[in-house]
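Step one of this worksheet: look at the structure below.
Atom set for the values below is all heavy atoms of this structure, side chains included, hydrogens, waters and symmetry mates excluded.
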Amino acid sequence: MSRVPLIEPAEAGARVAPQLSRIESAFGAVPNMFRAVANSPAALQSMWGAFGAFSTGSLGAALTEQIAVAVADRNRCRYCLAAHTALGGKAGLDEPALAAAQQARADDPRIQALLEFVVALVENRGEIDAGAVQALREHGWTDEQIVETIAQVALNLFTNYINIALEVPVDFPEVPFRT
């Protein structure tokens with residue numbers, strides 16, 4: 001049971017209702033995470049705005065879902081792991097690719113390098129050495145993509161912490177942790 005009320009779109013206040021309507025249009029329903037975050041209009045605006053901004057980013061949908069499952073698995077966020085595995089399937093990733101991403105692995109060495117960087121960011125709370133950034137450049141990642149990756153990790157930490165701390169009920173098919 002969630003530690004905060006899950007706001008019903010039909011009962012949402014004027015500051016939240018339009019955002020929940022857009023979220024419902026995007027998903028076909030309002031996922032529980034957004035219903036929990038809707039307790040704070042500012043937090044909902046921030047979260048939904050970040051998702052929108054990244055939808056036009058340089059990493060693409062499939063890679064952002066691989067990043068999300070790697071972060072969710074590392075943080076043991078059941079909700080985000082389930083949601084991003086489902087979204088990863090919609091982005092064209094198969095089950096083995098998503099399971100590998102949970103462990104910061106990929107068939108493509110370039111993507112694996114980025115996922116290893118992501119996990120290092122999470123495990124070291126952002127403290128990485130200059131060599132880690134240079135190694136990404138040597139794999140062909142641009143500075144834009146490196147910065148966007150760090151921002152993606154931050155967004156995923158936000159959503160992981162919301163779902164873990166508030167015990168948001170998972171409303172996607174659950175996925176086992178791999179690490």
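- Here ring-ring contact (aromatic ring centres under 6.0 Å, His included) pairs that include residues 98-128, with residues two or more places apart or in two chains, number zero.
- Between Gln112 and Ala104, the closest heavy-atom pair is CG-O, 3.5 Å.
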side-chain contact (heavy atoms from CB on, under 4.5 Å), that's the test. Do Ile146 and Leu114 meet it? Break it down for me. CA-CA 8 Å; Ile146 293 167; Leu114 190 74; 5.6 Å; no

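- Two residues are said to be in side-chain contact when any heavy atoms from C-beta on lie closer than 4.5 Å; Glu123 and Arg74 meet this criterion.
- Qualifying ring-ring contact (aromatic ring centres under 6.0 Å, His included) partners for Trp141, counting only residues two or more places apart in sequence or in other chains: none.
- Side chain of Gln103 to main chain of Arg178: a donor-acceptor pair is present (N/O by atom type, distance under 3.5 Å, no hydrogens or angles).
- Residues forming a ring-ring contact (aromatic ring centres under 6.0 Å, His included) with Phe158 (at least two apart in sequence, or on another chain): none.
- Between Phe51 and Phe34, the ring planes are perpendicular. Angles over 60° get that label, and only those under 30° would be called parallel.
- Counting non-hydrogen atoms of neighbouring residues, nucleotides and ligands closer than 6.0 angstrom, the CD atom of Glu95 reaches no more than 12 such neighbours.
- Checked by atom type and distance alone, the side chain of Ser2 never pairs as donor or acceptor with a backbone atom of Pro5 at under 3.5 Å.
- With contacts defined as side-chain heavy-atom distances shorter than 4.5 Å, the pair Leu121/Glu127 does not qualify.
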Apply side-chain contact (heavy atoms from CB on, under 4.5 Å) to residues His84 and Asn156 and explain how you reach the verdict. CA-CA 10 Å; His84 290 288; Asn156 282 284; 3.8 Å; yes

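- Neither Leu63 nor Leu87 shares a network with the other; the hydrophobic side chains, linked directly or stepwise wherever heavy atoms of I, L, V, M, F, W or Y lie under 4.5 Å apart, form separate groups for each.
- Residue pairs that meet the side-chain hydrogen bond (donor to acceptor under 3.5 Å, both in side chains) test with at least one member in residues 37-62, sequence neighbours left out, are Ser58-Glu148.
- Considering CE of Met47 and CD1 of Ile23, their distance stands at 8.5 Å, rounded to 0.5 Å.
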Go through it in stages, so that I can follow the logic: the residues are Val175 and Gln102, the test is side-chain contact (heavy atoms from CB on, under 4.5 Å), and I'd like the CA-CA distance, side-chain angles, deciding distance and then a yes or no. CA-CA 10 Å; Val175 176; Gln102 285 179 250; 3.8 Å; yes

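- Remark: Tyr79 engages Phe172 in a ring-ring contact (aromatic ring centres under 6.0 Å, His included) (not counting sequence neighbours).
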Run the side chain to side chain donor-acceptor pair (under 3.5 Å) check on Gln152 and Thr149 step by step: do they pass? CA-CA 5 Å; Gln152 282 281 351; Thr149 296; over 6 Å; no

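- Residue Asp94 places its CG atom among more than 12 non-hydrogen atoms of other residues, nucleotides or ligands, all under 6.0 Å distant.
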For residues 8-16, which side-chain N or O atoms pair as donor and acceptor with protein atoms under 3.5 Å away, sequence neighbours left out?
residue: Glu8; atom: OE2; partner: Arg35; partner atom: NH2; Å: 2.7

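- Under a hydrophobic-cluster definition in which Ile, Leu, Val, Met, Phe, Trp and Tyr are linked whenever side-chain heavy atoms come within less than 4.5 Å, directly or via other members, Val168 and Phe27 are assigned to the same cluster.
- Contact check for Cys77 versus Val71: no side-chain heavy atoms found under the 4.5 Å cut-off.
- Among the candidates Thr159, Val170, Val69, the single residue satisfying the side-chain contact (heavy atoms from CB on, under 4.5 Å) test with Cys80 is Thr159.
- No path of Ile, Leu, Val, Met, Phe, Trp and Tyr side chains, each step under 4.5 Å between heavy atoms, connects Ile111 with Leu93, placing them in separate hydrophobic clusters.
- Asn124 places no side-chain N or O within 3.5 Å of a backbone atom of Gly126 that could act as its donor or acceptor partner.
- Taking each heavy atom of Arg3 and Ala165 in turn, the nearest pair found is NH1-O, 2.8 Å.
- Two different hydrophobic clusters hold Leu155 and Val119 under the rule that ILVMFWY side chains link at heavy-atom gaps under 4.5 Å.
- Between the side chain of Asn75 and the main chain of Asn160, no donor-acceptor pair closer than 3.5 Å is present.
- The one candidate from Ile164, Asn163, Ile162 that meets the side-chain contact (heavy atoms from CB on, under 4.5 Å) condition with Leu166 is Ile162.
- Put simply, the side chain of Arg105 never gets that close to the backbone of Glu116: no donor and acceptor are under 3.5 Å apart.
- Hydrophobic cluster membership is shared by Leu98 and Phe177, with clusters built from Ile, Leu, Val, Met, Phe, Trp and Tyr side chains linked at under 4.5 angstrom.
- To the nearest 0.5 Å, atom CG of residue Leu81 and atom CG of residue Asp73 are 6.0 Å apart.
- Interatomic distance, CZ of Arg78 versus CD of Glu167, reported as 9.0 Å (0.5 Å rounding).
- The two residues Gly60 and Thr64 have their closest heavy-atom pair at O-OG1, 2.9 Å.
- More than 12 heavy atoms of other shown residues, nucleotides or ligands fall within 6.0 angstrom of atom CD in Gln134.
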